[in-house]
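Here the structure is laid out as structure tokens; the discussion comes afterwards.
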Amino acid sequence: MEFIRPALATDASRIAEIIITNYRVNFYPFFRNDSFYFGELNVMDMATEYAEGTDALRSTYVYDDGVVKGIIRISGNEIEKLYIEPQFQSQGIGARLLDFAVNEKKASWLWVLEYNTRGISFYHKHGFLLTGEKIIEDEWVPLLKMSKAQEIQLRIITQNSPDKARLEAINEEAFPVNERNSIDDLFASGGDGNLDIIGIYTDDELSGFFAVRKFGRIRYMAYFAVCSEKRSMGIGSKALHLLKDFYPCCQIINEFEAPDEMDENNAVRLRRRDFYLRNGFCETGWYSFYDDTEFVIACSDAQFDIAEFQKFIVYLNSIVPDHIPKPYQKNII
């Protein structure tokens with residue numbers, strides 16, 4: 001794109017000036033750390049990061065119309081930095097650099113300071129959405145993840161679909177052997193017409209799938225996966241909301257591992273639980289236990305129809321006798 005070129009080692013000091021000026025203008029007011037922003041952070045040290053042959057230099061592009069006025073740093077699909085010299089802001093330079101990153105370099109996500117409402121608004125204006133993911137960097141800097149909004153569609157996939165090989169690849173990547181059925185076996189188990197394999201398509205590319213068993217008003221989410229390269233981009237959240245529209249007037253049921261402070265992967269369990277609760281599922285107060293693991297039964301409707309679900313379980317046992325949920329409640333003292 002016009003005026004945008006790869007950074008050169010001779011740009012190092014200018015790049016450092018732009019970054020440090022933005023750090024001081026945009027971030028110092030939140031953190032008020034004099035020793036860091038006006039001592040540890042300096043142009044000479046920052047410039048060495050962009051010396052000849054460094055990874056930082058190789059992944060950086062500058063906006064140069066005779067003067068370097070802005071920089072963007074891209075690593076894979078991540079936008080690591082995007083800064084414009086304050087005197088040249090509000091001239092469309094940031095938008096051009098962002099457009100270059102998305103369209104020319106296929107960048108699709110970034111971290112933004114939680115307090116930086118101006119930055120969040122800028123990225124939102126240009127099609128990026130908050131994913132709900134948050135990290136704390138260096139023990140005190142809260143960052144929020146934003147991802148480029150993509151067109152997401154749900155489509156039924158049939159056994160003779162040209163996307164079947166891609167579907168199987170996602171299936172094998174997402175689930176360990178002991179939790180996985182082959183796609184052919186899944187299709188075979190739906191011979192009565194009560195199983196939907198639903199593709200999650202992003203910009204017309206198969207990026208994940210649901211396997212949903214149907215019984216009356218019950219829609220039991222047996223499998224849900226998004227391919228690794230598209231995770232943490234808000235696709236799963238959007239797909240879940242679309243699934244509710246896909247099955248109007250139905251109760252969508254899923255199970256997730258119950259939090260367990262004694263389990264070494266409890267943090268993962270908590271994130272998974274929070275993901276479903278954040279996306280409109282409710283804990284029903286019912287549990288199931290299989291594969292030496294306790295699961296929470298969750299529902300898209302606050303009024304869980306346990307009687308209908310128990311009828312579904314009887315039906316499911318006639319189709320696939322393995323891993324049948326056996327609902328129970330816990331005594332609360």
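Here, residue 1 is the first one in the sequence, and each next residue gets the next number. Here the structure is a predicted model, which means the values were calculated and not measured. Just the heavy atoms: all of them, side chains too, but no hydrogens, waters or symmetry mates, feed the values below.
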Answer yes or no on whether [X] is positioned over the face of [Y], meaning its NZ or CZ is under 6.0 Å from the six-membered ring centre and within 45° of the axis.
{"X": "K330", "Y": "Y287", "value": "yes"}
{"X": "R155", "Y": "Y201", "value": "yes"}
{"X": "K148", "Y": "W109", "value": "no"}

For [Y], does its backbone N or O pair with a side-chain atom of [X] as donor and acceptor, under 3.5 Å?
{"X": "N194", "Y": "F215", "value": "no"}
{"X": "D305", "Y": "E308", "value": "yes"}
{"X": "T10", "Y": "L8", "value": "no"}
{"X": "R24", "Y": "L41", "value": "yes"}
{"X": "N42", "Y": "D45", "value": "yes"}
{"X": "N22", "Y": "I84", "value": "yes"}
{"X": "N77", "Y": "K106", "value": "yes"}
{"X": "T60", "Y": "A56", "value": "yes"}
{"X": "E173", "Y": "A225", "value": "no"}
{"X": "R269", "Y": "A258", "value": "yes"}

(Q) Testing R14, R73, R58 one by one against Y50 for a side chain to side chain contact (heavy atoms under 4.5 Å, CB included), which residue passes? (A)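 Among R14, R73, R58, the one that satisfies the side chain to side chain contact (heavy atoms under 4.5 Å, CB included) with Y50 is R73.
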Q) Under the side chain to side chain donor-acceptor pair (under 3.5 Å) test, which residues partner K69, sequence neighbours left out? A)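 Scan of K69 (side chain to side chain donor-acceptor pair (under 3.5 Å), adjacent residues dropped) gives D65.
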Q) Yes or no on side-chain contact (heavy atoms from CB on, under 4.5 Å) for W140 and N33, after CA distance, side-chain angles and deciding distance? A) CA-CA 12 Å; W140 56 288; N33 188 329; 4.3 Å; yes
Q.
Centre-to-centre under 6.0 Å for F128 and H124, is that the case here?
A. no
Q: Decide if the gap between the ring center of F100 and the ring center of Y61 is smaller than 6.0 angstrom.
A: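 Distance test on ring centres: under 6.0 Å, yes.
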Look at [X] together with [Y] and state whether they make a salt bridge at an N to O cut-off of under 4.0 Å.
{"X": "K134", "Y": "E114", "answer": "yes"}
{"X": "K164", "Y": "D184", "answer": "yes"}
{"X": "E257", "Y": "R272", "answer": "yes"}
{"X": "E2", "Y": "R96", "answer": "no"}
{"X": "K105", "Y": "E78", "answer": "no"}

Q: Check the pair Y63 / I71 against side-chain contact (heavy atoms from CB on, under 4.5 Å), numbers first and verdict last.
A: CA-CA 6 Å; Y63 184 92; I71 70 104; over 6 Å; no
Q | Atom pair CG/CD of D55 and E49 - distance to nearest 0.5 Å | A | 10.0 Å
Q. Minimum heavy-atom separation for G76 to I74, with atom names?
A. O-CG2, 3.6 Å
Q.
Applying side-chain contact (heavy atoms from CB on, under 4.5 Å) to I297 and Q329, what does each step give before you reach the verdict?
A. CA-CA 10 Å; I297 299 175; Q329 291 182 298; over 6 Å; no
**Q.** salt bridge (Lys or Arg N to Asp or Glu O under 4.0 Å) evaluation trace for D11 with R5
**A.** CA-CA 11 Å; D11 298 315; R5 62 169 174 79; 2.9 Å; yes
